[in-house]
Novice: 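I'd like to ask you about the structure that follows.
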2 protein chains.
Amino acid sequence: MKKEFIYSEITNQIADQIQKGILKAGDKLPSVRKLCQDYQISMNTAKRVYLELESRSLIDSRPQSGYYVSKPILINLPLPEVSQPSLIANNDEPNELISKVYENMGKKGLTIFSIGIPAGDLLPQAKLKKEIINATRELREGGTGYEELQGNIKLRRMIAVRSLQWGGNFTANDLVTTNGGINALSFCLMALGKFGDTIAIESPCYPGILQLANGLGLKVLELPTHPTTGIEIDTLKKVIHKINICLLIPNFSSPLGSCMPDENKKEVVKLLAENNIPLIEDDVYGDLYFGPNRPKCCKSFDTEGNVLYCSSISKTLAPGYRVGWIAPGKYKDKILKLKLLHSTSSISIVNEAVANFLKFGRYEKHLFQLRKALQDNCQNYIKTIAESFPEGTKTTRPQGGLSLWVEFDKKIPTVELYDLAIKQNISIAPGRMFTLQNQFENCMRLCIGLPWSDEIKFKLKQIGTLAKTI
Amino acid sequence: MKKEFIYSEITNQIADQIQKGILKAGDKLPSVRKLCQDYQISMNTAKRVYLELESRSLIDSRPQSGYYVSKPILINLPLPEVSQPSLIANNDEPNELISKVYENMGKKGLTIFSIGIPAGDLLPQAKLKKEIINATRELREGGTGYEELQGNIKLRRMIAVRSLQWGGNFTANDLVTTNGGINALSFCLMALGKFGDTIAIESPCYPGILQLANGLGLKVLELPTHPTTGIEIDTLKKVIHKINICLLIPNFSSPLGSCMPDENKKEVVKLLAENNIPLIEDDVYGDLYFGPNRPKCCKSFDTEGNVLYCSSISKTLAPGYRVGWIAPGKYKDKILKLKLLHSTSSISIVNEAVANFLKFGRYEKHLFQLRKALQDNCQNYIKTIAESFPEGTKTTRPQGGLSLWVEFDKKIPTVELYDLAIKQNISIAPGRMFTLQNQFENCMRLCIGLPWSDEIKFKLKQIGTLAKTI
């Protein structure tokens, strides 16, 4: 309790200074370390203070630099509320809406804000092409044969090496490759879920996960989720007896972009392990942090092998290569069996190419550029939204990832906005896609993976203009 | 009835002439057309006569040439019996055996008769490598982006064009691509099967199918299966009220190598449609016919959209590319949804490469050579078995595909033979792997996809020698 008190005390104190204009827009704040010393608090508490201030849109973090007081325009654009889904498992899948959004994506000349992947221009296409060619040369039998079941050993080694940087600490033998991230999640859900079991997830949640769980006959329990810090752990505790599996995107979740603080990750991992509930962790956005450091994952705090860590290169390198992986902990045998049954082998050529690309720091260099581009995009999007969207609009301020979550005034239904926008050759993702309940009708997700340009700015403004007509 | 009578009458007449030495080893038999004229029978009946004689090991078909009386050595090697599985759905999965066989495959220097794919030497590796490189050049964004959900349009068109040759008559729009053939089957089973449903299959059956069905909670009903003509339709009729799905490999099934005659295919399709039972047809071996013509598939006789036709290039071109497809008939929407949920997109590069390879007759040329190699292998294997396996050994005489099914005397358990063989660096697939019941303990499958050589001959002989020690 004392710790909680100190934390809000300091947060409010700084917030007050900003609102009263004592700290001005653009002012640099003390470093986290300095804050610790000044207030005699722990690093974790200091980080939480800044995270909370960020979540209130009062301060900004700039990579390699530190924290700054936000410009007033951002201060006027508040965060969406913590979601309040019903805690009764629901399965009201918005099938027609999803089909409509999906089918329309084939339209020519469409500006697609509705799909959560980086645009091709942001990817190292030429270098990957070379690696594909190298792969056909280096692989035994030109890659025409099956791989070993667990997956390309070079790729698994490279993933293991990278994981040391952020506390994953995998060995190559801990990992099983899959055909992309969704295939990783699908294997985990098939391995763990029995028909009728209940799975707890974030709300709003990536539609692929909702549909996958629903399609496998699992009941879906949506948890209240904070736009900055992720699921509300107190609620998870309350419903813990009702659930069999938990699936989270702890780092820069889609669509909210929330990132669970380390202590929350630790607490959730402990809570679930104590209750014998496996945690599926989807970390596909983990490398897309805007801050100075890559966030840890829940798996870092897992001592029981109870976390099934899933990731891929679909959000960072080449969605079309379908290269993903699982560190399944104690469920490895189950996952291997499912892989054998449902896909036999990953596709050698793309896996070998990615393994080679990951060598020699090429991936780090690319990620550095991609993160920079996404962060710039994010700021430009938010600025444009603040300037041209209807009054009362709220938006997330993600510290990484590929999505912005926008909440309009209650009287603006985004399904209606979708229909107006598609006529102008713009595709958005209405909030209703991200839940199996009747909520988020006035919300939408915007992908920030499109390179910034006058045209994108114009299209964004157009969404705002259309929203004002409703 | 009259037709049945004529058919056995003529068959027995010719068999009699062979056994009495009136027709001698190597003698050419009249063409099918000539047989029609001579006996005033239909083409179908004439074909069945020769098929039956072949199944009795009395005659051989030679591609582009016709039918010949077999050499005595083959006449002394009878066919295995029609299988007699229990008709009670069973799920006694031989897990440990499968794991053991699978894990041992990693052993260095092993001669692997236990996996059903063609060896790399029989595949057009260099040409495929070129097509991979072309694919990275031709594809939008170098293939780093997602494909359209239904799959690469060029590939679907090429498959559709090829299907015209053998009565498949698909259009590109009828097809959905998948990550290999097993992924096609997995989507079909997930689309159609509810937990607790019963699926009817051939017995013995490819272990991947048994495990997949079992893994999805389906009850497996194994049907008595003839080594030449496939499942016994009379039994299917008897159990039709008990089953919800039927899955067959009508052309050169693994492991039996049986090929259902056209009239059987037609009858099964009709029977299942009348009873509203979907048929999943696995046709991965269909292009590997040794006779003059590619056999039709069940889908050719499907007027209701009730057959889900699955195939791939894994048995003919590049197992490691994982390129497969489904023509799902009226279940297309369900399959598309599953593909979206479980894999989002196929992998553009390998699909584009295969599409390009299929153009300009390159595939036909390759298939011609591959079929020739496999048929030669098959004859060499059978000859070696006849010469060096214990007395009382029976073996199939497949007219296509990649497998031989060998039945030893009852006192030779192949699980024991497996252990002896693996010590000599030889891997076989014991019969128990191909059923969920206690049967086929004295059987094994041998893959004929290894290029013939003195070494392979030596290894085969060694299996025979080991079997004699039991």
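Lettering follows sequence order; numbering is per chain, from 1. Note that the structure is a prediction, hence the values are computed from the model and not measured.
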Novice: For the OG1 atom of B:Thr136 and the CD1 atom of A:Ile132, what is their distance to the nearest 0.5 Å?
Specialist: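 Going from the OG1 atom of B:Thr136 to the CD1 atom of A:Ile132 covers 7.0 Å.
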
Novice: Would a 4.5 Å heavy-atom cut-off, applied to side chains only, mark A:Leu216 and B:His342 as touching?
Specialist: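 SC-SC contact between A:Leu216 and B:His342 confirmed.
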
Novice: Atom CD1 of B:Ile133 and atom NZ of A:Lys130: how far apart are they, to the nearest 0.5 Å?
Specialist: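 So the CD1 of B:Ile133 and the NZ of A:Lys130 are separated by 13.5 Å.
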
Novice: Within a radius of less than 6.0 Å around NZ of A:Lys127, do more than 12 heavy atoms belonging to other residues, nucleotides or ligands occur?
Specialist: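 No, not enclosed.
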
Novice: Inspect the contact between A:Lys337 and B:Glu93 and indicate whether a charged nitrogen and a carboxylate oxygen are less than 4.0 angstrom apart.
Specialist: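 So B:Glu93 pairs with A:Lys337 through a salt bridge.
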
Novice: With a 4.5 angstrom heavy-atom cut-off, which part of B:Ile347 approaches chain A: side chain, backbone, both or neither?
Specialist: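 For B:Ile347, the contact with chain A is made by backbone and side chain together.
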
Novice: Name the region of A:Leu149, side chain, backbone, both or neither, that has any atom closer than 4.5 Å to a heavy atom of chain B.
Specialist: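 Contact with chain B involves both backbone and side-chain atoms of A:Leu149.
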
Novice: With a cut-off of 6.0 Å (strictly less than), are more than 12 heavy atoms of other residues, nucleotides or ligands near NZ of B:Lys219?
Specialist: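 Not buried by this count: 12 neighbours or fewer within 6.0 Å.
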
Novice: Got a sec: does the NZ of A:Lys365 have more than 12 other heavy atoms crowding it under 6.0 Å?
Specialist: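 At most 12 heavy atoms, drawn from other residues, nucleotides or ligands, come within 6.0 Å of this atom.
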
Novice: Hey, what do you get for OG1 (A:Thr144) to CG (B:Leu317), rounding to the nearest 0.5 Å?
Specialist: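 Reported value, rounded in 0.5 Å steps: 8.5 Å.
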
Novice: Determine the minimum heavy-atom distance between B:Ile349 and A:Tyr321, stating which atoms define it.
Specialist: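 Nearest heavy atoms, B:Ile349 then A:Tyr321: CD1-CE1, 3.5 Å.
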
Novice: Side chain, backbone, both or neither: which part of B:Ser346 has a heavy atom under 4.5 Å from chain A?
Specialist: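 The backbone, not the side chain.
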
Novice: Using heavy-atom distances under 4.5 Å, tell me whether A:Thr178 contacts chain B through its side chain, its backbone, both, or neither.
Specialist: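 Interface part for A:Thr178: neither.
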
Novice: Please walk me through it: do A:Arg322 and B:Ser343 pass side chain to side chain contact (heavy atoms under 4.5 Å, CB included)?
Specialist: CA-CA 8 Å; A:Arg322 315 307 299 123; B:Ser343 60; 5.5 Å; no

Novice: What residue among B:Ile182, B:Ile209, B:Leu212 forms side-chain contact (heavy atoms from CB on, under 4.5 Å) with A:Leu341?
Specialist: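 Result for side-chain contact (heavy atoms from CB on, under 4.5 Å) with A:Leu341: B:Leu212.
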
Novice: Could you tell me which residues in residues 184-198 of chain A have at least one non-hydrogen atom under 4.5 Å from a non-hydrogen atom of chain B, sorted by residue number?
Specialist: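 So far as heavy atoms go, A:Ser186, A:Met190 are the residues that approach chain B to under 4.5 Å.
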
Novice: Name the option with the most non-hydrogen atom pairs under 4.5 Å to chain B; the candidates are A:Arg137, A:Gln211, A:Glu148.
Specialist: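 The residue among A:Arg137, A:Gln211, A:Glu148 with the greatest pair count is A:Gln211.
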
